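Worksheet: the structure to be examined is printed underneath.
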Amino acid sequence: MLRKRRRSDQIRSLRPRSVARKMIVCVSIVGHQNNPLFLHSFTEADDALKLHHVVHCSLDVIDERGSHVVPFAYEINNPKKTGSTLNETFLGLLYPTESYKVYGYLTNTKVKFILVTTDVDVRDADVRNVSALSLRLLLQYAFFFRRFHSAYVDAVSNPFHVPGKKINSRSFAERVSTIVKSFGLGGAV
């Protein structure tokens, strides 16, 4: 009996763990004046400064791409425009580093949502051509950002929250952690 338990523990340890625990390293919200509103790391290592740097570097890419983003309402109200995109505010892959891939999302109020992942299987062609990336993965990221944005809206709708200040709500942090844990599992929470 004891051997069977040990064997099953060994088999369980060989199985891949949750996608969210392996992939998402950090989530961040940056205000319209590039002030950090929320940064949460999901790594065990003490690399908060490195993640702050990665998030800060992504702001330039977001500002560059954000000037070309067409508001989603324009997409709906313009019948001459053909073919809609995944989500007009989802910016996709911002840039890869040696250790991370950084994705972005920009709201119509210029609040920036940044996702840092450890999924580093990126080729130069993938960075230049978003269509080369898996459509399913892009849809998962877009859905993640939509849920993250919804949690943010609920947090800043709190009458005790001061606009433009850091979000220190424990319930918001727990909700974000739940969204991160459910990422890639296919189930909505």
Side-chain angles (χ1 to χ4, degrees), residues 18-21 23-43 47-77 84-95 100-118 137-189:
S18 170
V19 174
R21 290 189 187 113
M23 290 184 64
I24 296 179
V25 177
C26 171
V27 292
S28 178
I29 301 173
V30 180
H32 68 280
Q33 297 175 339
N34 289 340
N35 53 322
L37 300 176
F38 181 79
L39 186 124
H40 187 69
S41 171
F42 296 96
T43 61
D47 56 355
L49 186 60
K50 183 177 182 179
L51 293 172
H52 273 279
H53 178 71
V54 169
V55 167
H56 183 73
C57 290
S58 67
L59 295 178
D60 292 334
V61 179
I62 290 175
D63 288 339
E64 180 182 310
R65 288 194 190 171
S67 63
H68 303 295
V69 172
V70 178
F72 191 66
Y74 176 76
E75 189 74 26
I76 294 170
N77 296 328
S84 71
T85 58
L86 295 173
N87 184 355
E88 288 297 330
T89 58
F90 175 62
L91 301 174
L93 179 67
L94 299 176
Y95 71 94
Y100 307 117
K101 282 172 49 176
V102 182
Y103 293 89
Y105 181 93
L106 182 66
T107 68
N108 59 351
T109 58
K110 303 298 182 197
V111 174
K112 302 148 191 92
F113 293 81
I114 300 164
L115 172 68
V116 181
T117 68
T118 58
L137 185 61
L138 286 176
L139 287 172
Q140 283 182 349
Y141 284 126
F143 182 68
F144 171 84
F145 277 118
R146 222 176 273 144
R147 293 180 66 205
F148 190 27
H149 185 198
S150 176
Y152 167 76
V153 169
D154 291 345
V156 298
S157 296
N158 182 345
F160 299 106
H161 175 72
V162 179
K165 298 293 182 186
K166 287 189 176 188
I167 302 171
N168 294 321
S169 170
R170 190 175 341 150
S171 63
F172 175 70
E174 289 171 0
R175 186 168 171 192
V176 169
S177 294
T178 302
I179 293 168
V180 167
K181 287 177 185 172
S182 69
F183 175 74
L185 300 178
V189 174

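For the numbers below, each heavy atom of this structure counts, side chains included, while hydrogens, waters and symmetry mates do not. Keep in mind it's a predicted model, so treat the numbers as computed, not measured.
V176 has its side chain out of reach of Y152: every pair of non-hydrogen atoms, C-beta onward, lies at least 4.5 Å apart. Counting only heavy atoms from C-beta outward, the side chains of F172 and F38 approach each other to under 4.5 Å. Here the side chains of V156 and V111 are not in contact, with every heavy-atom distance at 4.5 Å or above.
S58 OG to L94 CG: the interatomic distance, rounded to the nearest 0.5 Å, is 6.0 Å. Distance check: H32 NE2 to L37 CG gives 9.5 Å after rounding to the nearest 0.5 Å. Interatomic distance, S28 OG to H56 NE2, rounded to the nearest 0.5 Å: 11.5 Å. Rounded to the nearest 0.5 Å, atoms CD1 (I167) and NE2 (H40) are 13.0 Å apart. Between L39 atom CG and I114 atom CD1 the span is 8.5 Å, to the nearest 0.5 Å.
Residues in residues 149-158 take part in these salt bridge (charged side-chain N to carboxylate O under 4.0 Å, His left out) pairs, two or more places apart or across chains: D154-R175.
Distance alone, capped at 3.5 Å, is enough to place a donor-acceptor pair between the K112 side chain and the G31 backbone. Panel note: side chain T117, backbone I24; no donor-acceptor pair is recorded below 3.5 Å. No donor-acceptor pair closer than 3.5 Å links the side chain of S150 to the backbone N or O of R146.
Here the closest heavy-atom approach between residue R65 and residue L93 is recorded as NH1-O, 2.6 Å. Across all their heavy atoms, R147 and S182 have their closest contact at NH1-OG, 3.0 Å. L106 and T89 get closest at one heavy-atom pair: O-CB, 2.7 Å. For the residue pair G104 and F90, the shortest heavy atom distance occurs at O-CD1, 3.7 Å.
Relative ring orientation between Y105 and F145 is described as parallel, the plane-to-plane angle staying below 30° on a 0-90° scale split at 30° and 60°. Relative orientation of the F148 and F144 rings is tilted, given thresholds of 30° and 60° on the angle between their planes.
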Quick one, V27 with I179, criterion side-chain contact (heavy atoms from CB on, under 4.5 Å). Give me CA distance, side-chain angles, the key distance, then yes/no. CA-CA 11 Å; V27 292; I179 293 168; over 6 Å; no

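Side-chain rings of Y103 and F113 stay apart, their centers remaining 6.0 Å or farther from each other.
Remark: K50 engages D47, S99, Y100 in a side-chain contact (heavy atoms from CB on, under 4.5 Å) (not counting sequence neighbours). Among residues two or more places apart in sequence or in another chain, the side-chain contact (heavy atoms from CB on, under 4.5 Å) test is passed with N158 by F160, H161.
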